[in-house]
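All remarks here apply to the structure that follows.
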Amino acid sequence: MGLFRRSSALPGANEALPGRSEPIATAQTHFVSGHFLAGPHPEGSKQVLFGMGCFWGAERKFWSLPGVYVTAVGYAGGVTPNPTYEEVCSGLTGHTEVVQVVYQRGVDLADLLRVFWENHDPTQGMRQGNDIGTQYRSAVYVSGEAELALIEATRRTYGEALRLAGYPPITTEIADRPPFYFAEAYHQQYLAKNPAGYCGLGGTGVSCAIGTGIAA
């Protein structure tokens with residue numbers, strides 16, 4: 001990962017790559033569960049996008065959680081429509097690598113947020129560890145004011161826990177859900193296909209005092 005430009009600045013509209021009007025090719029089904037990545041999904045299910053650095057390890061963190069129906073990796077938060085991985089790594093799309101988590105009725109979003117906060121370092125800006133660049137920034141994208149309010153509340157709670165542990169302020173990008181573009185097929189469930197593959201995921205070791213129903 002981190003193969004190309006390692007810019008810490010998002011591109012302006014006049015700098016961003018043009019992308020394409022059609023989606024790039026990707027897998028149709030989940031390598032582990034067999035569920036369709038793009039749906040249909042069970043009635044009443046919800047979606048959230050998590051950016052935690054390299055999406056390979058982040059996706060593995062979520063696909064086995066109770067109540068999670070299906071996961072997929074892709075790109076979001078930028079400007080370029082339907083980008084390729086190489087374009088995202090160029091730093092000229094504005095996207096970050098994200099995991100789309102589709103979860104079923106009965107799952108508390110707070111439980112997923114605890115897994116999100118505890119399993120990466122949300123204070124590092126445009127990087128996660130040795131993975132440097134705008135595509136590795138921490139982000140969470142949801143739908144609607146109520147979910148945004150919940151995330152802001154958990155950010156404040158976890159931010160205070162991090163402060164007491166000596167960490168700087170949280171830099172996570174929090175916003176309404178932007179368009180999600182599926183990554184190429186070989187990225188989907190990468191660590192299930194390649195169990196010894198690269199995983200740069202690492203948390204701060206600071207517990208997040210929210211959500212209790214799902215074990216990380």
Side-chain angles (χ1 to χ4, degrees), residues 1-4 6 23-39 41-42 45 47-77 83-90 95-104 107 109 111-122 124 126-141 172 180-208 211 213-216:
M1 308 298 281
L3 301 177
F4 304 98
R6 292 185 171 187
I24 63 173
T26 190
Q28 298 301 304
T29 58
H30 197 278
F31 184 77
V32 177
S33 69
H35 294 154
F36 286 105
L37 298 187
H41 301 137
S45 61
Q47 301 180 9
V48 57
L49 302 178
F50 291 123
M52 305 165 63
C54 173
F55 51 20
W56 292 346
E59 186 186 20
R60 183 171 63 179
K61 208 69 189 176
F62 288 99
W63 73 51
S64 61
L65 295 179
V68 170
Y69 181 74
V70 71
T71 58
V73 296
Y75 316 112
T84 66
Y85 175 67
E86 288 74 18
E87 290 171 343
V88 171
C89 286
S90 76
H95 292 299
T96 188
E97 297 187 10
V98 296
V99 179
Q100 176 173 262
V101 177
V102 179
Y103 60 101
Q104 300 186 75
V107 173
L109 177 58
D111 289 324
L112 300 179
L113 288 169
R114 182 172 64 84
V115 176
F116 167 72
W117 291 123
E118 289 186 347
N119 285 281
H120 75 305
D121 184 344
Q124 293 196 327
M126 299 296 184
R127 68 182 297 169
Q128 276 297 300
N130 293 326
D131 292 334
I132 301 170
T134 55
Q135 74 268 29
Y136 300 117
R137 68 188 185 273
S138 173
V140 56
Y141 304 120
T172 300
F180 170 74
Y181 303 105
F182 286 94
E184 293 82 347
Y186 76 95
H187 287 302
Q188 305 297 338
Q189 301 82 59
Y190 181 86
L191 290 181
K193 302 168 186 171
N194 304 276
Y198 172 81
C199 178
L201 199 65
T204 60
V206 177
S207 296
C208 182
I214 293 175

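- A donor-acceptor contact shorter than 3.5 Å is absent between the side chain of S45 and the backbone of Q104.
- A distance of 6.5 Å separates CZ in F55 from OH in Y85, rounded to the nearest 0.5 Å.
- A 4.5 Å side-chain heavy-atom check between V99 and M52 finds every atom pair outside the cut-off.
- For Y190, the side-chain contact (heavy atoms from CB on, under 4.5 Å) criterion is met by W56, N194, not counting sequence neighbours.
- For the side-chain contact (heavy atoms from CB on, under 4.5 Å) criterion with Y75, the lone passing option out of V88, T96, V98, T84 is V88.
- Rounded to the nearest 0.5 angstrom, T172 OG1 and R137 CZ are separated by 11.0 Å.
- H95 and P83 make their closest contact through CD2-CG, 3.6 Å (heavy atoms, listed as atom of the first residue, atom of the second, distance).
- Across every non-hydrogen atom of A185 and K193, the tightest pair is O-NZ, 2.9 Å.
- Panel note: side chain Q189, backbone H30; no donor-acceptor pair is recorded below 3.5 Å.
- Nearest heavy-atom pair across T26 and A183 is OG1-O, 2.6 Å.
- Side chain of Q28 to backbone of F36: no donor-acceptor contact under 3.5 angstrom is found.
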Evaluate the criterion side-chain hydrogen bond (donor to acceptor under 3.5 Å, both in side chains) for residue pair D111 and Y103; output intermediate values, then yes/no.
CA-CA 11 Å; D111 289 324; Y103 60 101; over 6 Å; no

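- Judged by distance alone, the side chain of K61 and the main-chain N or O of F116 form no donor-acceptor pair under 3.5 Å.
- Panel note: side chain H35, backbone Y69; a donor-acceptor pair is recorded below 3.5 Å.
- For the pair H41 and Q47, the minimum side-chain heavy-atom distance is below 4.5 Å.
- Within the 4.5 Å cutoff, no side-chain heavy atoms of I24 are placed close to those of Y181.
- With a 4.5 Å cut-off on side-chain heavy atoms, E59 and L191 do not count as touching.
- Scored by the ring pair (Phe, Tyr, Trp, His ring centres under 6.0 Å) test, Y141 finds no partners at all (sequence neighbours excluded).
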Using the rule given for side chain to side chain contact (heavy atoms under 4.5 Å, CB included), can you reason through F50 versus V115, listing the C-alpha separation, both sets of side-chain angles and the distance that settles it, and then say yes or no?
CA-CA 10 Å; F50 291 123; V115 176; over 6 Å; no

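- At least one side-chain heavy atom of F182 sits less than 4.5 Å from a side-chain heavy atom of Q100.
- Contact record, V140 with V48: CG2-CG2, 4.1 Å, taken as the closest heavy-atom pair.
- Using a 4.5 Å heavy-atom threshold, the side chains of T71 and V32 count as separate.
- Distance OG1/T134 to CD/E97: 10.0 Å, rounded to 0.5 Å.
- The nearest pair of heavy atoms linking W117 to C208 is CD1-SG, 3.9 Å.
- C199 and G57 make their closest contact through SG-CA, 3.6 Å (heavy atoms, listed as atom of the first residue, atom of the second, distance).
- For the pair V107 and V68, the minimum side-chain heavy-atom distance is 4.5 Å or more.
- The side-chain contact (heavy atoms from CB on, under 4.5 Å) test applied to Q124 returns D121, R127, Q128, not counting sequence neighbours.
- Summarising the geometry, atom CZ belonging to F62 is positioned 10.5 Å from atom OG belonging to S64; distances are rounded to the nearest 0.5 Å.
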